[in-house]
Number of protein chains: 2
Amino acid sequence: MNYKDFERCAVNVTVGMIAGKWKPVILQHLEPGEMRFVALWRAIPRVSKKVLLEQLRQLEADGLVGRREHQTFPPEVGYCLTERGVSLIPVLQVIDRWAAQNLPDRVVYRPHEVSEVSN
Amino acid sequence: MNYKDFERCAVNVTVGMIAGKWKPVILQHLEPGEMRFVALWRAIPRVSKKVLLEQLRQLEADGLVGRREHQTFPPEVGYCLTERGVSLIPVLQVIDRWAAQNLPDRVVYRPHEVSEVSN
DNA sequence: CAGGATCCCAACCGATACTG
DNA sequence: CAGTATCGGTTGGGATCCTG
């Protein structure tokens, strides 16, 4: 709790774990329960399959999400939050609340509402 | 507070604001009060001047730190937390506490204790 | 369906030298 | 002292095609 502990870079490590472009959204979608890869992909438009996979792998490596491979054909893989992942949710909520109170001037959008505007 | 709000990417925006490699450390050092550029630079070894400046500019653009230019020679510029920056501190503390409780297995170090070890 | 392989571009970070 | 300019390496994200 000592503020000096920030020097230990724990903040860096933690934000690094959720700093991926799609990671917060992934964690959100996984929060209600396990989800198949394709479902996750459909739920999060605008991500390439490769990147979605990468982010999942990283979340997995960081112990935030788990992967369950059902031995079926066609393949079926489920992703879900781990205990640690679940424990991170309140932290994300704190961040979200701070943003709501401090970033009223920002363009905050829902990813799936975004169409190909600029370029 | 509705968890669905995560879809608005407020979390993304916020973590983006502190995701820079040195940003948490910068915010920490500025927390006690205004600090000159050179002092900040000396306090945070291992950053190039260019990058430190970049990160400060970004924090400034995000409204987290302010810049005061004293008209002297040689030049003297002070950086400090803005109201918004100060309001972010508790959020960082929450992150830090989560890390302390959930990442005991990680190598967490103090930046200034790191010497040129590997390579 | 899950995911690997390629290729590509942009952003991030760093080192060094220079200027007012 | 504070800041630019330049260059180079590494990572992140994306598009597209291919396979078990």
Side-chain angles (χ1 to χ4, degrees), chain A residues 9 12-13 15-26 29-30 34-62 65-80 111-112 114-119, chain B residues 9 12-13 15-26 29-30 34-62 65-80 111-112 114-119:
Chain A
C9 283
N12 263 349
V13 174
V15 311
M17 288 170 62
I18 54 175
K21 179 165 180 183
W22 304 100
K23 287 182 186 176
V25 192
I26 292 173
H29 279 98
L30 256 37
E34 179 172 328
M35 219 168 159
R36 299 187 54 178
F37 180 81
V38 73
L40 202 49
W41 194 26
R42 276 195 277 260
I44 309 177
R46 299 162 49 81
V47 208
S48 81
K49 200 157 49 158
K50 190 202 89 174
V51 172
L52 178 57
L53 211 41
E54 279 176 2
Q55 309 254 317
L56 282 169
R57 294 261 189 270
Q58 291 167 19
L59 290 170
E60 205 187 337
D62 288 329
V65 319
R67 199 187 90 108
R68 267 190 23 196
E69 189 163 348
H70 308 72
Q71 280 305 5
T72 60
F73 191 87
E76 185 174 335
V77 175
Y79 291 92
C80 60
H112 53 275
V114 179
S115 40
E116 36 279 70
V117 183
S118 55
N119 80 287
Chain B
C9 284
N12 262 350
V13 174
V15 311
M17 289 170 63
I18 55 175
K21 181 165 180 182
W22 304 100
K23 288 183 186 175
V25 191
I26 292 173
H29 278 99
L30 290 184
E34 180 172 328
M35 218 167 160
R36 298 187 55 177
F37 180 81
V38 73
L40 202 47
W41 193 26
R42 278 195 276 260
I44 307 176
R46 300 161 50 79
V47 209
S48 81
K49 198 158 52 160
K50 191 201 89 177
V51 171
L52 178 57
L53 210 42
E54 278 176 4
Q55 309 253 317
L56 282 169
R57 294 259 189 272
Q58 291 167 19
L59 290 171
E60 205 186 340
D62 288 328
V65 319
R67 200 187 90 108
R68 267 192 21 200
E69 191 162 346
H70 310 72
Q71 281 305 6
T72 60
F73 191 85
E76 184 173 335
V77 175
Y79 291 92
C80 60
H112 52 274
V114 179
S115 40
E116 35 279 67
V117 184
S118 57
N119 88 287

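Residue numbering restarts at 1 for every chain, and letters A, B, ... go by the order of the sequence lines. Here the structure is a predicted model, which means the values were calculated and not measured. Reckoned from all heavy atoms, side chains included, excluding hydrogens, waters and symmetry mates.
At whole-Å resolution of the value, CZ in Phe37(B) and C1' in dA2(D) are 7 Å apart. Between the CD1 atom of Ile26(A) and the P atom of dG12(D) there is a distance of 14 Å, given to the nearest Å. dG20(C) atom P lies 11 Å from atom CZ of Phe73(B), rounded to whole Å. The nearest whole Å value for the distance from the CZ atom in Arg68(A) to the P atom in dC1(C) is 19 Å. With rounding to whole Å, Gln71(A) atom CD is found 13 Å from dA2(C) atom P. Across the protein-nucleic acid pair, Ile44(A) atom CD1 and dG14(D) atom P stand 12 Å apart, rounded to whole Å. Rounded to whole Å, the distance from CD on Glu76(B) to C1' on dC1(D) is 9 Å. Atom P of nucleotide dA2(D) and atom CD of Glu69(B) are separated by 10 Å, given to the nearest angstrom.
Among residues two or more places apart in sequence or in another chain, the side-chain hydrogen bond (donor to acceptor under 3.5 Å, both in side chains) test is passed with Gln71(B) by none. Legend: residues meeting side-chain hydrogen bond (donor to acceptor under 3.5 Å, both in side chains) with Glu34(A), ordered by chain and number and at least two apart, are Arg68(A). For Gln58(A), the side-chain hydrogen bond (donor to acceptor under 3.5 Å, both in side chains) partners are Lys23(A), not counting sequence neighbours. For Val47(A), the side chain to side chain contact (heavy atoms under 4.5 Å, CB included) partners two or more places apart in sequence, or in a different chain, are Trp22(A), Ile44(A), Val51(A), Leu52(A). For Lys50(B), the side chain to side chain contact (heavy atoms under 4.5 Å, CB included) partners at least two apart in sequence or on another chain are Ser48(B), Glu54(B).
One finds a side-chain N or O of Arg36(A) lying less than 4.0 angstrom from the OP1 or OP2 phosphate oxygen of dA2(C).
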List, with names and distances, any nitrogen or oxygen atoms from the protein found under 3.5 Å away from nitrogen or oxygen atoms belonging to nucleotides 9-16 of chain C.
| unit_1 | atom_1 | unit_2 | atom_2 | d |
| --- | --- | --- | --- | --- |
| dC13(C) | OP1 | Lys21(B) | N | 2.9 |
| dC13(C) | OP2 | Gln55(B) | NE2 | 2.8 |
| dG14(C) | OP1 | Lys21(B) | NZ | 2.8 |
| dG14(C) | OP2 | Trp22(B) | NE1 | 2.8 |
| dG14(C) | N7 | Lys50(B) | NZ | 3.1 |
| dG14(C) | O6 | Lys50(B) | NZ | 2.3 |

Verdict with supporting geometry, Phe37(B) and Leu56(B), side chain to side chain contact (heavy atoms under 4.5 Å, CB included): CA-CA 10 Å; Phe37(B) 180 81; Leu56(B) 282 169; 3.8 Å; yes
